[in-house]
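This report refers to the structure that appears directly beneath it.
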Amino acid sequence: MKLFARVRASVAFLSLVAAFCLHSYGQQDSINTAAAISVVASTVPANGDVNPYGLVRVASSSGALAKGSLLVSNFNNSANLQGTGTTIVQITPEGVVTLFAQIDANNLPGPCPGGIGLTTALVALRSGWVIVGSLPTADGTSATAQVGCLLVLNNNGRVVETFYGSLISGPWDMTALDAGDRAYLFVTNVLNGTLAGGGEVVDGGTVTRLTLTHLNSEIPTLQAITVIGSGFPERTDPAALVIGPTGVGLSPDADVLYVADSLHNRIAAISDPVIRITSAGVGATLAQGGALNDPLGLTVAPGGKILTVNGNNGLLVETTPKGRQIKTAPLDSSGSPPGAGALFGLVEVPGQGLYYVDDATNTLNLFK
């Protein structure tokens, strides 16, 4: 484990890489409501892991990583037990699927309290490092959930270190600002007092910033970890395991971090996320209610518009930086109620469309 220290982060950066990085929808950076949905590939690897959560596009070819392919992390094992998935698959836009990583909880280079259950927290840096969150359980229920860790994998899918400690407690989602040899990770955490709450809402959810350096060396260095958001509502849930702050995305200028505050049914905004050295609490409310219905995955288009996917009805919602909801589109209508619990990770690729994982069908889909 690296030393956790509070330091002011540098604001210099070269490029933005987000776990949920979305680009323009045509000329208007908006949802194309006439788009069609197609299945790119199944996300189920040979070991049978299901429930795809995290999704990120590979920016640079390195080792086993192929530029332009998409990485998907699985949260459940073949028995469909939550918090037990151990695999990351790589899928090309043409639908060719390969196994990038299968993580063995008994063969880690550092602690990961509770084991392996890969979450939506997934980023791929240009230097070839892949970082994924783990919120593990022993039997798929919140009764056995533990705080987990962040796992750092090299470009061939091998775990080289773990980040863990009191400020990493159930890492649920993540985005990154990539500056070459330095990166800033923004992670939502959902197990701060949640288990003790026994299903009641606990205002303990946090957003932490991890500053990583020496990304071009043999192993990244965790230089600092800082809580920049706190007090978000979270609770255990028999269907979703845990509900709390989920999707995160940076504005194009990195001046604002948007957070999908699921239980308050809103999009929160945290100012100065890269240089902030104190918590902004639950941030300012950008939008609440309306078309939002348990927002989970979140991404920001280059023009600044925020896209979220609803956990309760399978809708994609577009919100302006001023908080106005301007468009919606259905991405999943399966189940009862339709679309409930199906959507998490999404990433848009110019000229191709919007890729998203659907854990109701265990597929990577394209909205085009």
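We're numbering straight along the sequence, starting at 1.
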Rounded at 0.5 Å granularity, tell me how far [atom1] in [X] sits from [atom2] in [Y].
| X | Y | atom1 | atom2 | answer |
| --- | --- | --- | --- | --- |
| E218 | N154 | CD | CG | 11.0 Å |
| L122 | L150 | CG | CG | 11.0 Å |
| R276 | I228 | CZ | CD1 | 7.5 Å |

Heavy-atom closest contact ([X] atom, [Y] atom, distance):
| X | Y | result |
| --- | --- | --- |
| Y258 | S251 | CE1-CB, 4.0 Å |
| V40 | P93 | CG1-O, 3.9 Å |
| G244 | S262 | O-OG, 3.2 Å |
| T320 | I306 | O-CD1, 3.8 Å |

(message) Out of the candidates N51, D359, T137, only one should pair with N76 under the side chain to side chain donor-acceptor pair (under 3.5 Å) rule; please name it.
(response)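 In the set N51, D359, T137, the residue that makes a side chain to side chain donor-acceptor pair (under 3.5 Å) with N76 is N51.
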(request) For the pair Y356 (side chain) and L331 (backbone), establish whether a donor and an acceptor sit closer than 3.5 Å, ignoring hydrogens and angles. (result)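 Side chain of Y356 to backbone of L331: a pair is present.
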If only side-chain N and O atoms count, and only distance matters, is there a donor-acceptor pair under 3.5 Å linking [Y] with [X]?
| X | Y | answer |
| --- | --- | --- |
| T206 | N189 | yes |
| Q90 | S69 | yes |
| D49 | N47 | yes |

(message) Do V347 and V56 make a side-chain contact, defined as non-hydrogen atoms from C-beta onward lying under 4.5 Å apart?
(response)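 No, too far: nothing below the 4.5 Å cut-off.
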(message) Quick one, L222 and L212 - any side-chain contact, counting heavy atoms below 4.5 Å?
(response)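 When only atoms from C-beta onward are counted, L212 and L222 do touch, with a gap below 4.5 Å.
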(request) Could you check whether the rings of F75 and Y53 sit parallel, tilted or perpendicular, using 30° and 60° as the cut-offs? (result)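 If you compare the ring of F75 with that of Y53, the planes turn out parallel.
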(request) Scan residues 106-201 for pairs that pass disulfide bond (SG atoms under 2.5 Å apart), counting only residues two or more places apart or in two chains. (result)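 Found C112-C149.
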(request) Share the residues that join I243 in a hydrophobic cluster, the rule being Ile, Leu, Val, Met, Phe, Trp or Tyr side chains under 4.5 Å apart at the heavy-atom level. (result)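 Other cluster members: V201, L263.
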